[in-house]
Amino acid sequence: MGNSFSGIPDNSIVDSISAVYKLQMPDAIFEKLSAFIYREFGIKMPPVKKVMLQSRLQRRLRELQMNSYEQYCDFVFSKEGEAMELVHMIDVVTTNKTDFFREPAHFDFMQQVVLPEFVHKNKKNPLLKIWSAGCSSGEEVYTLAIVLSEFARNQQELDFSILGTDISSAILRKAFDAVYTESRVANIPMELKKRYFLRSRDREKPSVRVVPELRKKTHYARLNFMDENYDIRENFDVIFCRNVLIYFDRVTQQNVINRLCRSLKTGGYFFLGHSESITSMNVPLVQLKPTVFMKV
Ligand SMILES: C[S@@+](CC[C@H](N)C(=O)[O-])C[C@H]1O[C@@H](n2cnc3c(N)ncnc32)[C@H](O)[C@@H]1O
């Protein structure tokens with residue numbers, strides 16, 4: 001019998017864990033996996049990313065109790081693996097970095113330009129529809145919900161509905177749950193925190209949850225930007241697609257923007273992340289500010 005009962009891991013487990021740590025991903029396997037990732041998710045994986053992919057996949061190998069990348073690759077390309085592993089692989093290769101009030105100039109623009117114009121033009125039916133495409137764990141969605149609610153509270157009648165989509169089911173679950181650690185909301189002004197978040201009673205793990213009044217104005221769906229057609233039936237006034245396209249090449253970026261624009265009303269607003277642009281792309285957008293556009 002091994003000695004794991006005493007709290008000291010069995011030697012064979014220690015050996016297999018350290019073997020996985022020492023594993024090198026063969027170049028041929030990296031090429032196969034990176035081509036697959038590009039095809040399925042549109043995400044560029046140049047050779048400089050090999051070390052990153054290797055280290056991020058180590059956990060998957062341990063979880064699947066596999067001891068080589070070849071074995072993992074065979075699994076990914078098998079019928080069973082293709083169905084089961086895709087959802088995990090996307091969490092390995094994507095970056096979900098996000099924040100409340102990230103790139104705040106966009107929310108100022110919403111408050112100062114988009115919202116006053118919208119209520120002025122839609123006095124009879126002031127229902128604003130927004131799509132947060134690549135929404136990660138929901139911080140962008142709830143920041144928008146807070147900004148819109150504040151506008152409605154302080155100024156004029158406005159109702160809204162926000163769709164959040166992402167490729168990762170795990171991250172969408174977090175967005176839907178709307179539970180965040182205290183540190184994630186630390187920079188939100190206290191007045192807004194009191195109005196829009198509920199505190200957990202658990203003192204050990206202090207967390208907050210977005211109030212139901214905001215949550216009920218949001219809905220979520222899984223969507224892969226690589227799909228030829230997005231199964232989205234709504235027509236939006238505003239689309240946020242920030243800090244997602246940087247992972248794609250130019251042709252893919254242009255295709256994605258064109259597909260998103262199919263669901264944007266003429267005269268609707270389109271927001272990109274700070275390091276993204278539409279320079280020399282054939283898309284139905286005119287630039288208003290460096291990362292703010294209008295559909296024409
Ligand atoms: C860095 S986060 C950006 C979150 C938010 N928009 C922001 O700016 O804070 C990028 C998100 O894009 C998603 N993503 C990556 N590839 C995608 C694809 N092919 N289709 C849909 N979403 C994708 C990732 O899962 C991730 O949650």
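Read the numbers this way: they start at 1 and go in the same order the structure lists the ligands and their atoms. By convention here, the first residue in the shown sequence is residue 1. Side chains included, hydrogens not; waters and symmetry mates left out as well; all remaining heavy atoms used.
Of the protein's heavy atoms, Val244 CG1, 3.5 Å lies nearest to atom 12 (O) of ligand 1. The nearest protein atom to atom 16 (N) of ligand 1, hydrogens excluded, is given as Ile43 CD1, 3.8 Å; this is a heavy-atom distance. In terms of protein heavy-atom proximity, atom 7 (C) of ligand 1 is nearest to Arg102 NH1, 3.2 Å. At the shortest separation from atom 8 (O) of ligand 1 among protein heavy atoms lies Asn243 ND2, 2.8 Å. Here the protein heavy atom with the shortest distance to atom 22 (N) of ligand 1 is Ile167 N, 3.4 Å. With respect to atom 15 (C) of ligand 1, the closest heavy atom belonging to the protein is Thr94 CG2, 3.5 Å. Annotation: atom 4 (C) of ligand 1 to nearest protein heavy atom, Gly134 O, 3.3 Å. In terms of protein heavy-atom proximity, atom 11 (C) of ligand 1 is closest to Asp166 OD2, 3.6 Å.
Among the atoms of Ser168, none of the N or O lies under 3.5 angstrom from an N or O of ligand 1. On a distance-only criterion, Phe225 and ligand 1 share at least one N/O pair closer than 3.5 Å. Not a single N or O atom of Thr95, backbone or side chain, sits closer than 3.5 Å to an N or O atom of ligand 1. For a threshold of 3.5 Å applied to N or O pairs, the pair formed by Thr98 and ligand 1 contains at least one separation below that value. Between Phe41 and ligand 1, at least one N/O pair is under 3.5 Å apart.
Annotation for ligand 1: atoms under 4.0 Å from non-hydrogen atoms of Glu140 are 5 (C), 6 (N), 7 (C), 8 (O). Proximity to Ser136 (heavy-atom distance under 4.0 Å) selects the following atoms of ligand 1: 4 (C), 27 (O). Taking every non-hydrogen atom of Asn96 and a distance limit under 4.0 Å, the qualifying atoms of ligand 1 come out as 24 (C), 25 (O), 26 (C), 27 (O). Taking every heavy atom of Asn224 and a limit of under 4.0 angstrom, the matching atoms of ligand 1 come to 18 (C), 19 (N), 20 (N).
Without hydrogens or angle criteria, Glu140 side chain to Cys135 main chain gives no donor-acceptor distance under 3.5 Å.
Of all the heavy atoms of Arg242, the ones lying under 4.0 Å from any atom of ligand 1 are found in both the backbone and the side chain. Only the side chain of Phe248 comes within contact range of ligand 1, with a heavy atom under 4.0 Å; no backbone atom does. With a 4.0 Å cut-off on non-hydrogen atoms, Leu223 touches ligand 1 through its backbone and not its side chain.
Using a 30° and 60° split on the angle between ring planes, Phe240 and Phe271 fall in the parallel class, below 30°.
Annotation: the span from Glu150 atom CD to Tyr196 atom OH amounts to 3.5 Å, rounded to 0.5 Å.
Between Phe30 and Tyr69, the gap from one ring centroid to the other reaches at least 6.0 Å. Aromatic rings from Phe100 and Phe197 are positioned such that their centres are separated by under 6.0 Å.
For the pair Lys289 and Phe109, the NZ or CZ position fails the cation-pi test of under 6.0 Å to the six-membered ring centre and within 45 degrees of the ring normal.
For the pair Lys295 and Lys265, the minimum side-chain heavy-atom distance is 4.5 Å or more. Using a 4.5 Å heavy-atom threshold, the side chains of Ile278 and Phe270 count as separate. No side-chain heavy atom of Leu64 sits under 4.5 Å from any side-chain heavy atom of His88. Proximity of Tyr142 to Ile188: side-chain heavy atoms (C-beta onward) are nowhere separated by under 4.5 Å.
Using a 4.0 Å cut-off between charged side-chain N and carboxylate O, Asp227 and Arg259 make no salt bridge.
No side-chain donor-acceptor contact under 3.5 Å links Thr98 and Glu139.
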